[in-house]
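See below for the structure under consideration.
Computed over heavy atoms, backbone and side chain alike; hydrogens, waters and symmetry mates excluded. All ligand and atom numbering here is 1-based and tracks the order in the structure.
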Amino acid sequence: MKVPTPFLILLSAVVTRSLKVVSKRGSVDGCTDWSVDYLKYKVLLGEPVRIKCALFYGYIRANYTHAQSAGLSLMWYKSTGHGDFEEPISFDGLRMSKEEDAIWFRPTELQDVGLYSCVLRNSSYCMKVSMSLTVAENDSDLCYNSRMRYFEKAELSKSKEISCPDIEDYVQPGKDPEIIWYKECRPKQWRQSIVNRKDTLSIQDVREDDIGNYTCELQFGAFVVRRTTELLVTGRSSVTAGLQSRSLWYLG
Ligand SMILES: *[C@@H]1O[C@H](CO)[C@@H](O)[C@H](O)[C@H]1NC(C)=O
Ligand SMILES: *[C@@H]1O[C@H](CO)[C@@H](O)[C@H](O)[C@H]1NC(C)=O
Ligand SMILES: *[C@@H]1O[C@H](CO)[C@@H](O)[C@H](O)[C@H]1NC(C)=O
Ligand SMILES: *[C@@H]1O[C@H](CO)[C@@H](O)[C@H](O)[C@H]1NC(C)=O
């Protein structure tokens, strides 16, 4: 997954270059701009998040320590959208802090929505990439925002594992995360054939009523982090499913 991305980004950077020179003139002179990284950060209001400078994850070989000892400095800017004015970020060191190659928000607020650009430079070299952050409130009476769900499919009577996605930044290395799982935002007595192990809810025999929204919840300091996955349950036989879609194809 990681390898081809810079090329895709390079392609789009080439395509949009003429536009960018006009809209971003003067913001960062003489800088190679990789535009917006494919990885989008999406969190619920009040959750903590760590935005990593993507330059160190697929654009250049060096890591932060390496770049720093080579005399390059890393700076962060924020804008509210494409082509908007980029302002340097002032970190209060409490809610928002710069830590190595990342910004930590502990926690996020609605005003944090925007594009975050990291610029790595010395007097003769400059690279830049932007990361987008979306902060959204949960839907009313729900513990998630339905536009920020993950999706999984399971087959009837087969087994299925639902993992709690994108939580690496909140788990201490070598420690198992303590995760509570909810279904339709309610705590649940899971039947015996559903096991909660590490970051995974493991269903041994998928039933029709397993369909629905699974939320995992993880404590991180004073905050909680939640991820919601909608599980769809499909028919037992993939042959039948194939026939169904084929007949639909003929009908259509
Ligand atoms: C950074 O890169 C250097 C040299 O390539 C390596 O020795 C070091 O372990 C790396 N540091 C981290 C934190 O990954
Ligand atoms: C700036 O950084 C680049 C890339 O690490 C390096 O090749 C170059 O020598 C540096 N220039 C100065 C003036 O330090
Ligand atoms: C939804 O979000 C609001 C605002 O952050 C919070 O007060 C409320 O507890 C959340 N609702 C649920 C069910 O988690
Ligand atoms: C899952 O969530 C969506 C969006 O909130 C909702 O429309 C749907 O009915 C939920 N599924 C179940 C089985 O409750």
> Taking only heavy atoms of Leu142, which atoms of ligand 4 are found under 4.0 Å from at least one of them?
Replying inline: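 So the atoms of ligand 4 that pass are 5 (O).
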
>> When you measure from the centre of the six-membered ring of Tyr182, is the NZ or CZ of Lys188 closer than 6.0 Å and no more than 45° off the axis?
In response: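 Here Lys188 fails the 6.0 Å and 45° test against Tyr182.
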
So which protein heavy atom does [atom] come closest to, and at what separation?
atom                    : value
atom 6 (C) of ligand 2  : Asn122 ND2, 4.2 Å
atom 3 (C) of ligand 4  : Arg149 NH1, 3.3 Å
atom 12 (C) of ligand 4 : Glu184 OE2, 3.3 Å
atom 5 (O) of ligand 2  : Leu72 CD1, 3.9 Å

> Short N/O distance, under 3.5 Å, between Asp139 and ligand 4?
Replying inline: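 No.
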
> Going by distance only, is there an N or O of Asn213 that falls short of 3.5 Å from an N or O of ligand 4?
Replying inline: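 Checking ligand 4 against Asn213, an N or O pair does fall under 3.5 Å apart.
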
> Does the ring center of Phe220 lie less than 6.0 Å from the ring center of Trp104?
Replying inline: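 Between Phe220 and Trp104, the centre distance is under 6.0 Å.
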
> Under 4.0 angstrom from ligand 2, any heavy atom of Ser124?
Replying inline: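 Judged by the 4.0 Å heavy-atom criterion, Ser124 does count as contacting ligand 2.
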
>> With a 4.0 Å cut-off on heavy atoms, is Ser123 in contact with ligand 2?
In response: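 Flag set, Ser123 near ligand 2.
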
>> Under 3.5 Å, is there a donor on one side chain and an acceptor on the other for Asp139 and Ser146?
In response: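 A donor-acceptor contact under 3.5 Å links the two side chains.
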
> Ser163 and Asp199: side-chain donor and acceptor closer than 3.5 Å?
Replying inline: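 Their side chains do not contain a donor-acceptor pair, so the 3.5 Å distance test is not met.
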
> Do any non-hydrogen protein atoms sit less than 4.0 Å from atom 9 (O) of ligand 4?
Replying inline: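 It does not: no protein heavy atom is found less than 4.0 Å away from atom 9 (O) of ligand 4.
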
> If you group Ile, Leu, Val, Met, Phe, Trp and Tyr by side-chain heavy-atom gaps below 4.5 Å, do Ile162 and Leu156 land in one group?
Replying inline: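 As far as the 4.5 Å side-chain criterion goes, Leu156 and Ile162 are connected within one cluster.
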
> Of all heavy-atom pairs between Pro48 and Phe223, which one has the smallest distance, and what is that distance?
Replying inline: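 Heavy atoms of Pro48 and Phe223 come nearest at CD-CB, 3.7 Å.
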
